[in-house]
Protein chains: 2
Amino acid sequence: MTLDSLRTPAVLIDKARALRNLDRMQAAANARGIRLRPHSKTHKSPVVARWQFERGATGICCAKLGEAEVFAAAGTADIRLPYPINPSNADRVIALLDRTRLSFIVDHPAVARQWSEAMTRAGRTVEVLVKVDVGFHRCGIDPSAADAVGMIGTVAGLPGLNFRGLLSHAGHAYHAHSEEELRQMAEGEAATLRDLVARCRRAGVTIDEVSAGATPPARFSLQQDGFTEYRPGNYVYFDRTQMALGAATLDDCALTVLATVVSKPAKDRVIFDSGSKTLTNDGARGFTPALGYGLVLRDDMTADTNLLIERLSEEHATVKALNGSTNLEPGDRVRILPNHSCVVSNLVDQVWVLDGDLVEPLEIAARGRIT
Amino acid sequence: MTLDSLRTPAVLIDKARALRNLDRMQAAANARGIRLRPHSKTHKSPVVARWQFERGATGICCAKLGEAEVFAAAGTADIRLPYPINPSNADRVIALLDRTRLSFIVDHPAVARQWSEAMTRAGRTVEVLVKVDVGFHRCGIDPSAADAVGMIGTVAGLPGLNFRGLLSHAGHAYHAHSEEELRQMAEGEAATLRDLVARCRRAGVTIDEVSAGATPPARFSLQQDGFTEYRPGNYVYFDRTQMALGAATLDDCALTVLATVVSKPAKDRVIFDSGSKTLTNDGARGFTPALGYGLVLRDDMTADTNLLIERLSEEHATVKALNGSTNLEPGDRVRILPNHSCVVSNLVDQVWVLDGDLVEPLEIAARGRIT
């Protein structure tokens with residue numbers, strides 16, 4: 001199929017750019033001897049995971065068991081869930097262990113004990129890592145808490161659990177205000193983990209793996225000592241937020257939304273057929289907050305900064321021409337760089353892989369697997 | 001199935017509440033002799049549309065042709081798209097005309113001409129209404145523009161188009177700051193349309209239908225003169241925004257998200273397994289802006305105002321206990337009233353219709369039909 005024949009809105013993936021992004025991150029990890037385990041949340045596709053494996057990825061991450069079930073069925077051999085899976089899902093974990101190497105995190109003593117009991121009852125063992133909060137203050141144990149090493153030691157000693165090590169996610173990097181702050185976050189994460197590893201080892205707790213991962217600080221994190229694994233997700237496609245965090249240039253961004261101008265109610269206002277059901281209401285983050293719900297691109301894929309996607313309804317983008325007028329007319333097509341590509345992938349049943357002017361459908365096999 | 005056996009997150013629909021909401025809106029429309037044509041965007045389900053038809057709805061609205069295709073296939077006989085469909089979709093419109101009564105809006109002279117040409121070429125006629133901007137400043141012609149009546153007359157005269165009348169959507173009602181402002185918006189919309197209808201009729205343009213619709217001002221709009229049709233959507237389920245706009249009480253809200261506490265990293269912080277992939281990042285609107293990404297409910301379905309859903313990641317809700325602690329522990333289940341129910345429906349392949357403690361799956365048949 002050709003690009004022109006697509007119904008809009010449609011999510012496009014520039015394959016050459018995506019592969020280049022994968023090559024670069026893999027090379028950066030290889031250069032430091034750090035295993036790369038991409039998070040599949042951004043693409044949710046075993047096909048794209050295969051591109052990552054072909055370049056040297058040692059496994060992937062999924063967020064939920066439902067996603068892991070899709071990837072395991074597609075033959076993915078090593079899946080890690082950096083998510084505090086509730087033990088009420090023990091039946092699903094046990095079923096998955098028959099199909100793939102599976103690991104997940106624990107960050108709460110009671111939950112770790114429940115998993116231990118469930119796995120012991122089933123006569124099985126599951127690999128776990130302890131999640132460490134390195135500053136995002138979402139999940140994870142507080143590494144400065146008096147009982148941090150004690151909690152890790154307890155998990156390491158529980159039957160039915162094969163304790164592998166520590167895992168962190170520097171999600172606060174998405175809120176960094178400068179390159180320097182981002183660098184400090186990357187250094188701080190590594191230092192926190194190195195210190196905790198040292199304390200664990202002094203206490204006799206074996207730490208085989210130290211896993212971190214996030215796209216914004218990757219360029220700094222992959223220079224640090226102490227990580228055995230890195231888990232970036234968004235880097236396959238990037239987006240407007242990653243540009244604003246210095247992690248990508250516009251030329252690196254591989255996911256765009258193709259939209260049609262469906263109305264021009266005023267000289268300075270056009271309406272695209274791509275609303276929050278495609279672009280999502282996620283705002284852009286970055287050193288300098290970018291306005292609007294995506295960056296409108298010209299035909300040559302440069303930014304059209306005259307057009308501000310001021311407001312989204314579910315099916316409409318209300319777009320203001322800042323200088324008072326635009327040449328766009330109903331029927332014209334535009335491409336939009338979204339603020340956050342992961343959530344865009346999740347909204348569509350398929351994306352279109354773009355190679356020149358030709359497009360091929362790619363099913364988002366793990367879309368909507370929320371449990 | 002029982003509620004306890006559901007994997008989380010899960011979207012629940014309280015059937016008794018939803019049917020009560022449908023009964024009330026239908027009764028209010030009937031009392032004024034106004035035809036009710038609910039927008040299906042909130043439920044995206046031909047099953048729920050059937051509940052609406054059984055109560056007297058004369059048709060439904062869909063936003064996109066893809067949704068109309070799903071509803072037409074399910075036997076829906078009368079579908080209106082209050083959306084400026086691009087004429088590149090003429091083949092799909094023609095195919096739909098064989099299956100259902102279909103109408104849509106135009107708000108741009110060039111687009112109207114393109115539709116006229118496409119339908120004339122095909123030897124067909126499609127019903128259209130002219131969309132009028134009553135203050136939301138999204139789509140629609142400016143009713144105060146010098147050429148407003150002229151544009152409507154031109155559309156009314158185009159071959160291949162069967163001009164039915166005018167259509168508006170008071171989307172700015174979602175931004176009202178008070179009951180009084182909302183009332184004024186409803187009155188203003190009706191007055192604008194009555195005035196435009198009068199000017200059209202003086203110019204010899206026949207107006208058979210005057211269609212408006214939005215849930216927040218419905219209680220005021222259905223008291224106005226001049227409408228032949230009303231098109232509320234959200235009223236079937238309501239949500240936290242409608243509560244904050246005075247359109248519903250908590251007891252009216254029929255859609256909730258069932259979530260599990262998956263971590264408790266601090267005494268004053270719990271993590272739910274329901275993130276932006278279920279609750280969406282839509283904020284709450286209303287007379288007094290409500291904070292957070294949904295209202296946490298206690299077991300008795302009253303609001304737990306101690307818990308603020310402070311931040312959403314895709315799979316995590318980071319919830320702060322405002323008074324410093326909460327009794328919730330990992331494994332506990334909570335129900336959450338989302339800020340915006342329409343977008344929640346769109347994120348899941350199925351919802352669960354709740355009748356007492358029993359649940360039955362309901363497919364969201366038109367989910368993801370974005371084109």
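Proteins come first, then strands; the chains are lettered A, B, ... in the order of their sequence lines, and each starts at number 1.
- Interatomic distance, A/Leu347 CG to B/Asn346 CG, rounded to the nearest 0.5 Å: 7.0 Å.
- Taking every heavy atom of both residues into account, B/Val111 and A/Pro330 meet most closely at CG2-CB, 3.4 Å.
- In this structure, the portion of B/Val348 lying under 4.5 Å from any heavy atom of chain A is its side chain and not its backbone.
- Put simply, NE2 on A/His316 and CZ on B/Phe136 are 8.5 Å apart, with the number rounded to the nearest 0.5 Å.
- When every heavy atom of A/Tyr83 is checked against every heavy atom of B/Phe272, the shortest pair comes out as OH-O, 4.0 Å.
- Closest of all the heavy-atom pairs between A/Pro84 and B/Val262 is O-CB, 3.3 Å.
- No side-chain donor-acceptor contact under 3.5 Å links A/Lys41 to the backbone of B/Glu314.
- Contact check for A/Ile141 versus B/Pro265: no side-chain heavy atoms found under the 4.5 Å cut-off.
- If you check the side chains of A/Asn86 and B/Thr260, you find no donor sitting under 3.5 Å from an acceptor.
- Contact of B/Arg7 with chain A is made through backbone and side chain together, with heavy-atom distances under 4.5 Å.
- Neither the backbone nor the side chain of B/Thr280 comes within contact range of chain A; no heavy atoms are under 4.5 Å apart.
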Exercise for review: Using the side chain to side chain contact (heavy atoms under 4.5 Å, CB included) rule, take A/His137 and B/Thr318 through it: C-alpha gap first, then chi angles, then the decisive distance, then the call.
Suggested key: CA-CA 9 Å; A/His137 306 321; B/Thr318 301; over 6 Å; no
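- By a heavy-atom distance cut of under 4.5 Å, A/Arg367, A/Arg369, A/Ile370, A/Thr371 are the residues of residues 363-371 of chain A near chain B, going up by number.
- If you take CD on A/Glu315 and SG on B/Cys139, they are separated by 11.5 Å, rounding to the nearest 0.5 Å.
- No donor-acceptor contact under 3.5 angstrom links the side chains of A/Asn281 and B/Asn281, judged on distance only.
- The parts of B/Lys264 that come within reach of chain A are both its backbone and its side chain, each placing non-hydrogen atoms under 4.5 angstrom from that chain.
- Proximity to chain A involves both the backbone and the side chain of B/Asn89, based on heavy atoms less than 4.5 angstrom apart.
- Two residues are said to be in side-chain contact when any heavy atoms from C-beta on lie closer than 4.5 Å; B/Lys64 and A/Pro9 meet this criterion.
- Shown here is B/Asp91, whose CG atom has more than 12 heavy atoms of other residues, nucleotides or ligands within 6.0 Å.
- Top candidate by heavy-atom pairs under 4.5 Å with chain A, chosen from B/Glu329, B/Lys131, B/Arg311, is B/Arg311.
- The part of B/Asp349 that comes within reach of chain A is its side chain, from C-beta onward, which places non-hydrogen atoms under 4.5 angstrom from that chain.
- There is no contact between B/Glu310 and chain A, counting heavy-atom distances below 4.5 Å.
- With salt bridges taken as basic N to acidic carboxylate O contacts below 4.0 Å, one links A/Glu67 and B/Lys277.
- In this structure, OG on B/Ser88 lies 8.5 Å from CG on A/Asp273, to the nearest 0.5 angstrom.
- B/Asp4 pairs by the salt bridge (Lys or Arg N to Asp or Glu O under 4.0 Å) definition with nothing, not counting sequence neighbours.
- Note on B/Ser274, B/Gly275, B/Gly283, B/Ser313: by heavy-atom pairs under 4.5 Å with chain A, the leading option is B/Ser313.
- Only the backbone of B/Val261 comes within less than 4.5 Å of a heavy atom in chain A; its side chain stays farther off.
- Atoms OG and CG, on A/Ser263 and B/Asp133 in that order, are 10.0 Å from each other to the nearest 0.5 Å.
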